[in-house]
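Throughout, protein chains are lettered first and strands after them, A, B, ... in sequence-line order, and every chain is numbered starting at 1.
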There are 2 protein chains.
Amino acid sequence: MFSKACEYAMRAAVYIAKCSMEGKRVAVKEVAEATDIPEAFASKVLQRLARAGLVDSLRGKKGGFSMSASQQKRSLYEIVTLFEGEAYFNSCVLGLPVCSSQNPCPLHYQVVGLRDALKKSLQQTTIRKAATEVVDAGARLRFSSEDDESH
Amino acid sequence: MFSKACEYAMRAAVYIAKCSMEGKRVAVKEVAEATDIPEAFASKVLQRLARAGLVDSLRGKKGGFSMSASQQKRSLYEIVTLFEGEAYFNSCVLGLPVCSSQNPCPLHYQVVGLRDALKKSLQQTTIRKAATEVVDAGARLRFSSEDDESH
DNA sequence: TCATAAAAGGATATTTTTGTCTTTTTTTAA
DNA sequence: TTAAAAAAAGACAAAAATATCCTTTTATGA
Ligand code: FES
Ligand code: FES
């Protein structure tokens, strides 16, 4: 459905939002561990999110990543289009170069509604909302997030 | 959404079904042209469909690909799982190793319904039905399928 | 000032996907 | 029986995605 990079970006963003809600800035290393992303890859993904203005980054000792309130209000849709391309939710399921009701593929009317519903769902889901799911409902960002608490 | 191979497989299968409905066996070359798939790649994809029993293939002069009535009744879902793996419609959108209501990710309840709807839709859509769309409603399997008629 | 911690950036490596080419096998029909 | 046409099979090539490593820049605080 989504590329690894995109999945990683969503998991990482939600984790950073969660931390920011708790007033905590986080380093790549912690994000990577908390979300089960290879650390070096997480670094790349976060760079990209930072360049796109979806997260703030601060270099140097005591640096790390954080999200302001307004950044937390951005939608998961923005992350997906950043990593999958703007066209993602307008592309033909059968891979035809354009998707349109004028020239539909045989699956067009079957799936176009579902595709739009997914798009809307992601547009309406803020990063903050997803982070709240983690805090309030115990939703996971890695297989055994319980492991975090051990020390 | 789907890999190229999977998109190609669906387009090719629908085209072969259409031809078989017209009582015509088709060669890779024609399938490739009619569906805008690189010919050599189409050959690989069709081999795989044939090994899976979703299409019949006949070697030699006057050979080619065809689909029996029962093959035409197979669903597009079968093609997708063949190329994307059985787990495709049960996988976590955020890439977690398992998707379950027990251990949901923060998007689980948002998307699980849509994912299941897509699954059902593909399960209920036979290859024949998609081919009928092409014949009856003029649905496309390549950008300008009108070009076929020129000679 | 200097050691340390952290992100940024760049180069490289690995794996997967996509795509191509060549040879072999099978079938048909002249 | 032989030439031609077609799929099957295998090897190879190119591109993209994923992953890792190393160096540079920036900030902090001792
Ligand atoms: S044309 Fe294929 S999904 Fe719209
Ligand atoms: S757990 Fe992520 S979609 Fe079900």
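- Remark: B/Leu46 CG to B/Arg48 CZ distance equals 12.0 Å, nearest 0.5 Å.
- For the side-chain contact (heavy atoms from CB on, under 4.5 Å) test, residues two or more places apart in sequence or in another chain that qualify with A/Ser91 are A/Ala87.
- For residues 77-92 of chain A, the pairs satisfying salt bridge (charged side-chain N to carboxylate O under 4.0 Å, His left out) are A/Arg74-A/Glu78, with sequence neighbours left out.
- Neither A/Leu58 nor A/Val31 shares a network with the other; the hydrophobic side chains, linked directly or stepwise wherever heavy atoms of I, L, V, M, F, W or Y lie under 4.5 Å apart, form separate groups for each.
- The stretch residues 40-48 of chain B touches DNA chain D through B/Lys44, B/Gln47, each having a heavy atom under 4.0 angstrom from the strand.
- Here the CE atom belonging to B/Met10 is positioned 11.5 Å from the CG atom belonging to B/Leu82, to the nearest 0.5 angstrom.
- Residues meeting the side-chain contact (heavy atoms from CB on, under 4.5 Å) test with A/Ser101, sequence neighbours left out: A/His108, A/Tyr109.
- We find that CD1 of B/Ile16 is positioned 12 Å from C1' of D/dA7, with the value rounded to whole Å.
- Heavy atoms of A/Arg51 sit under 4.0 angstrom from primed sugar atoms or phosphate atoms, though from no base atom.
- Formation of a donor-acceptor pair under 3.5 Å by the B/Arg142 side chain with backbone atoms of B/Arg11 is not found in this model.
- Here chain B contacts DNA chain C (any atom closer than 4.0 Å to a heavy atom, that is under 4.0 Å), and the contacts span C/dT18 to C/dT28 from 5' to 3'.
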May I have the list of side-chain donor-acceptor pairs in residues 122-137 of chain A shorter than 3.5 Å, sequence neighbours left out?
unit_1   : atom_1 : unit_2   : atom_2 : d
A/Thr125 : OG1    : A/Ser121 : O      : 2.6
A/Thr125 : OG1    : B/Gln110 : OE1    : 2.9
A/Thr126 : OG1    : A/Lys129 : N      : 2.9
A/Arg128 : NH1    : A/Gln72  : OE1    : 2.7
A/Thr132 : OG1    : A/Arg128 : O      : 2.9

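- Within residues 1-13 of chain A, the residues that have a heavy atom under 4.0 Å from DNA chain D are, in order of number, A/Ser3, A/Lys4, A/Ala5, A/Tyr8.
- Every residue two or more places apart in sequence or in another chain that forms a side-chain contact (heavy atoms from CB on, under 4.5 Å) with A/Ala9 is listed here: A/Val45, A/Leu49, A/Ile79, A/Phe83.
- Each of B/Val28 and A/Pro38 was matched to the nucleotide of DNA chain D holding its nearest heavy atom; the match closer to the 5' end belongs to B/Val28.
- Note that CG of A/Leu54 is 10.0 Å distant from CG of A/Leu76, once rounded to the nearest 0.5 Å.
- Annotation: proximity of residues 81-93 of chain A to DNA chain C (heavy atom, distance under 4.0 Å) is found for no residue.
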Can you check nucleotides 24-27 of chain D for protein contacts, nitrogen or oxygen pairs under 3.5 Å, and list what you find?
unit_1 : atom_1 : unit_2  : atom_2 : d
D/dT26 : O4'    : A/Arg59 : NH1    : 3.1
D/dT26 : O2     : A/Gly60 : N      : 3.4

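- Under the 3.5 Å distance criterion, the side-chain polar atoms of B/Gln71 are matched with a main-chain donor or acceptor of B/Ser68.
- Contact of the A/Val14 side chain with the B/Leu107 side chain is not registered, since no non-hydrogen atoms from C-beta on lie closer than 4.5 Å.
- With sequence neighbours excluded, the residues forming a side-chain contact (heavy atoms from CB on, under 4.5 Å) with A/Pro38 are A/Tyr8, A/Phe41, listed by chain and number.
- Here NZ of B/Lys120 is found 12.0 Å from OH of B/Tyr77. Values are rounded to the nearest 0.5 Å.
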Under 3.5 Å, which donor-acceptor pairs do the side chains of residues 21-29 of chain A form with other protein atoms, sequence neighbours left out?
unit_1  : atom_1 : unit_2  : atom_2 : d
A/Lys24 : NZ     : A/Glu30 : OE2    : 3.1
A/Arg25 : NH1    : A/Ser66 : OG     : 3.4

